[in-house]
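Only one structure is covered here, and it is reproduced in the block below.
Residues: numbered from 1 along the sequence shown. As a basis for the values below, the full set of heavy atoms in this structure was taken, side chains included, without hydrogen atoms, waters or symmetry mates.
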Amino acid sequence: MMELKVLVLGLLGQAFKPADLLLVGAVLLMTTALLAKLRKRRRAGANRPTTLEQIEQDRQLRGVRGDLEQLMVQVEQLAREFGAKLDAKTLALEKVIREAEEKIAQLRTASVEARSMPSPTSGPRLEGVSALQECGSDPVARSVYALADQGLSAGEIAQRLDEHIGKVELILALRAAG
């Protein structure tokens, strides 16, 4: 093997001049450097997505952004709707409270007037008759009193008569106060 090297070097030494050998060595060195740089780029490029993959990723991101924007718009619309419904319910509740306060004031005035007037009968009043006299001609109040006399709770009465429980409780409270 050693003889072969000597023979090759001998032939190279006779066929080429020293300047030619330097030129060949420089070309080999540059080729090796370029190949090393190319390998390095390939390794680094293997982790990076291709241009088509990058375009697809960008499209997906745009799609996600669009979906998020649509979701935000829908959430905002729902918030507006719920706010409007809440405002309407608040106004209705305030109206019912005002009406209840007016009724309470009227009943207090009527109660004061009734106490100041002398009683036409001095005997004991029957409970059923007094309840009918108190409710007058209001059919809802009469129905509430009748069901309460049967032992039903305010919630059950409200369900049966399809009335608000607050109204039923108010009628029963006015009956108890009277």
Side-chain angles (χ1 to χ4, degrees), residues 39-178:
R39 283 185 187 158
K40 195 175 191 180
R41 276 190 188 172
R42 283 187 186 166
R43 286 183 191 150
N47 296 336
R48 232 182 326 149
T50 64
T51 306
L52 291 176
E53 290 172 341
Q54 186 65 37
I55 291 171
E56 184 60 31
Q57 287 176 353
D58 290 345
R59 284 182 187 158
Q60 288 176 354
L61 282 176
R62 283 189 210 116
V64 168
R65 283 186 192 140
D67 291 345
L68 285 176
E69 288 174 1
Q70 287 177 354
L71 184 63
M72 288 172 53
V73 167
Q74 290 175 351
V75 166
E76 189 176 325
Q77 288 173 347
L78 284 175
R80 278 194 221 124
E81 289 176 19
F82 287 141
K85 287 180 182 179
L86 186 60
D87 289 345
K89 296 282 184 181
T90 302
L91 291 175
L93 184 60
E94 288 174 355
K95 180 181 174 187
V96 169
I97 290 172
R98 265 186 272 125
E99 290 174 357
E101 288 173 348
E102 289 172 3
K103 296 270 184 189
I104 290 171
Q106 290 174 357
L107 288 172
R108 284 186 180 152
T109 305
S111 175
V112 169
E113 289 174 0
R115 287 184 188 151
S116 65
M117 295 176 58
S119 176
T121 60
S122 59
R125 292 173 36 174
L126 296 172
E127 192 172 316
V129 173
S130 67
L132 288 175
Q133 288 174 349
E134 288 173 7
C135 67
S137 64
D138 186 13
V140 174
R142 279 190 292 217
S143 300
V144 169
Y145 291 153
L147 292 172
D149 290 340
Q150 293 176 11
L152 294 173
S153 69
E156 293 169 331
I157 294 171
Q159 264 186 330
R160 282 201 184 175
L161 297 179
D162 195 28
E163 293 288 339
H164 292 281
I165 190 167
K167 183 176 181 179
V168 172
E169 288 174 343
L170 179 63
I171 292 170
L172 292 174
L174 291 174
R175 179 185 188 192

Going from [atom1] on [X] to [atom2] on [Y], what distance comes out if it is rounded to the nearest 0.5 angstrom?
| X | Y | atom1 | atom2 | value |
| --- | --- | --- | --- | --- |
| Arg160 | Gln150 | CZ | CD | 6.5 Å |
| Ile157 | Lys167 | CD1 | NZ | 13.5 Å |
| Asp87 | Leu91 | CG | CG | 6.5 Å |
| Arg108 | Leu174 | CZ | CG | 9.5 Å |
| Glu99 | Glu101 | CD | CD | 11.0 Å |
| Gln159 | Leu147 | CD | CG | 12.0 Å |

Flag if over 12 foreign heavy atoms under 6.0 Å of CD, Gln54:
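Check passes, neighbour count above 12.
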
Heavy-atom closest contact (Tyr145 atom, Leu172 atom, distance)
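The answer is CD2-CD2, 4.5 Å.
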
So, for Val168 and Ala154, which heavy atoms are closest and what is the spacing to 0.1 Å?
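In this case the closest contact between Val168 and Ala154 is CG1-O, 3.8 Å.
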
Going by side chain to side chain contact (heavy atoms under 4.5 Å, CB included), Val144 matches just one of Leu161, Leu170, Leu152. Which one?
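Only match with Val144 under side chain to side chain contact (heavy atoms under 4.5 Å, CB included): Leu161.
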
Which residues pass the side chain to side chain contact (heavy atoms under 4.5 Å, CB included) test with Thr90, not counting sequence neighbours?
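Leu86, Glu94.
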
Thinking salt bridges, do Arg98 and Glu102 make one under a 4.0 Å N-O criterion?
no

Taking Thr109 for its side chain and Ala105 for its backbone only, find out whether a donor-acceptor pair lies under 3.5 Å.
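Yes.
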
